[in-house]
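Report on one structure; see the data block that follows.
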Number of protein chains: 2
Amino acid sequence: MLSDVMEDYLKSIYALQQEDGGPVATSAIAEYLEVTSPTVTSMVEKLEDRGLVEREKYKGVELTQEGETVALEVLRHHRLLESYLTEHLDYSWSEVHEEADTLEHHISEEFERRVAEVLDDPTVDPHGDPIPSADLTPPEDDTTTPLSDHDAGDLLVVSRVSDRDEEELRYLADAGIAPGTRLEVADVAPFGMVTVRFADDGERDQSLPENVARSIRVRPADDDSDPDSDSESDGGDGEGNSEEIEA
Amino acid sequence: MLSDVMEDYLKSIYALQQEDGGPVATSAIAEYLEVTSPTVTSMVEKLEDRGLVEREKYKGVELTQEGETVALEVLRHHRLLESYLTEHLDYSWSEVHEEADTLEHHISEEFERRVAEVLDDPTVDPHGDPIPSADLTPPEDDTTTPLSDHDAGDLLVVSRVSDRDEEELRYLADAGIAPGTRLEVADVAPFGMVTVRFADDGERDQSLPENVARSIRVRPADDDSDPDSDSESDGGDGEGNSEEIEA
DNA sequence: TATAAGTTTTAGACGCGGCTAAATCCGGTA
DNA sequence: TACCGGATTTAGCCGCGTCTAAAACTTATA
């Protein structure tokens, strides 16, 4: 019933809402989806007609309950697909995003169920993002923090990496930074450049530009009661080649 | 580059060309895709502009080399998907068609390669249809015949069943008729009603309406040099429940 | 061979999802 | 408080893939 374009709008609004809390600006959606503002305005009107968003002219837009449910469904598809492709079709976690971004709109409910079943109902995808549950109830609030918010000396575990930029993902894979990687902030330099040291390889330092550090979500290293401590067992043997990342 | 609608047109034209040999009529495509004739005319003009079909006004349409290649690629996607869903996601062969019909337009080349690899480059899908090879060279001419063309006493092996009608497929699954099933034509009654007897269960007879008998493709029972004698090992233990059809 | 019946194409419309250019609104500053 | 700049919306266009109604073509038949 909903077009895949509409699903993409809902997904974007959901993501932007998570980032900033409040209502989402037309221009923010436009930038996220790489379309013009007038295009967003007209699409948002249609979403409003269908009861998927609430909107105040010139102000911004928010998902309704129903809109959020749709966004969560698409997100569930996306993350189940990323997990499936990684575990069963030999994709590395830096490759899966584009494939999932297309397929998420085209799999049936049945397909979703069967994939979830063979994966044994996973709760986190290969990038560390939480997979919405089958009943599409809104997930817990995110307690992770951006790596860029931390100071020298902080001991951290990588919780999630963004899945939206292929190039960045390859960079991180090469650097050996993945969900579960334990590290210490060695230094924070001007322009937000963050240097980290690997807990299991004291020799190696890695410097990350601010924008990359901002997209890496972390939690304190001692917090092992965290709900998504699931696949926290990456060897991180100093090679970082995506090939060895495999449950 | 090509829309999925265009791919569907090319696929239909390919299928209809296989059935009838010559050029394909506008109305035939319209019926196959459940759209109106004017819609077909305008779409066919666009396909001609792109060099995918050759067309003679008021006469009919044929695929060019390039158009055929595209059709074969989509068909390869479709049949690899049907095989994959059946073998790895627990679909029965009567369920897979719709899912594959959507996904065939949305998987990447990479996905195609990986699915082909984990399936070990299959040459036939669960319905018995030949899977085009990765290089997309046109397949051998079909040497099978419709069950409806046969007479009482003929000993046959089911080669393929149509994958286009879900209801018919369930009917056949229930009746225990699948690729590889050996049977004898017991009787041909008025209106083309065909009664068959199962080679491995002499007790059981099954009567099939003409339209169903026409969609079942068979080969002579003794012909075991056939190129697609691949998965010819269905138990056919008289239950016919689709659950047990599994390599 | 003239014409009727059946196909096919042409003509013109529509909703979708995108665009650019122009008008409008909002918030901050003089 | 008046104005200016930036964000947003309105207006109007386009290509896609679909439709219906009408015109044109083909073919079979009288």
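These values consider heavy atoms only, across backbone and side chains, with no hydrogens, waters or symmetry-generated copies. Quick caveat: nothing in here was measured; it's all calculated off a predicted structure.
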To the nearest 0.5 Å, atom CE of Met193(B) lies from atom CD of Glu210(B) at 10.0 Å
Side chain to side chain donor-acceptor pair (under 3.5 Å) filter on Arg55(B), not counting sequence neighbours, yields Glu48(B)
(Q) Measuring to OP1 and OP2 of dT18(D), would you say a side-chain N or O of Thr36(B) lies under 4.0 angstrom away? (A) no
*Salt-bridge test for Asp142(A) and Arg160(A): reply yes if a basic N is under 4.0 Å from a carboxylate O, no otherwise.*
yes
The bend of the helix from dT1(C)-dA30(D) to dA30(C)-dT1(D), taken between the axes of its five terminal pairs at each end and rounded to 10°, is 30°
- Query: Is the number of heavy atoms from other residues, nucleotides or ligands under 6.0 Å of Glu117(B) CD greater than 12?
  - Reply: no
Side chains of Leu172(B) and Val212(B) in contact at under 4.5 Å (non-hydrogen atoms) | yes
Just checking Gln18(A): does its CD atom have more than 12 heavy atoms from other residues, nucleotides or ligands closer to it than 6.0 angstrom?
yes
Bounded by its outermost nucleotides with an atom under 4.0 Å from a heavy atom of chain B, the footprint on DNA chain C reads dT8(C) to dT10(C)
Sequence neighbours excluded, the answer for side-chain contact (heavy atoms from CB on, under 4.5 Å) partners of Glu54(B) is Thr64(B)
Produce the list of close N/O pairs, under 3.5 Å, pairing protein atoms with atoms of nucleotides 6-10 of chain D; give distances to one decimal.
residue : atom : partner  : partner atom : Å
dT8(D)  : OP2  : Ser27(A) : N            : 3.1
dT8(D)  : OP2  : Ser27(A) : OG           : 2.8
dT9(D)  : OP1  : Arg55(A) : NH1          : 2.9
dT9(D)  : OP1  : Tyr58(A) : N            : 3.2
dT9(D)  : OP2  : Thr26(A) : OG1          : 3.0
dT9(D)  : OP2  : Thr41(A) : OG1          : 2.8
dT10(D) : OP1  : Lys57(A) : NZ           : 2.6
dT10(D) : OP2  : Glu45(A) : OE2          : 3.1

Problem set entry | Crowding at CD, Glu110(A) (>12 non-hydrogen neighbours, <6.0 Å) | yes
Within the side chain of Glu82(B), is there an N or O that forms a donor-acceptor pair under 3.5 Å with the backbone of Trp93(B)?
no
When the side chains of residues 19-40 of chain A are checked against the rest of the protein, which donor-acceptor pairs come out under 3.5 Å, sequence neighbours left out?
residue  : atom : partner  : partner atom : Å
Thr36(A) : OG1  : Thr39(A) : OG1          : 3.0

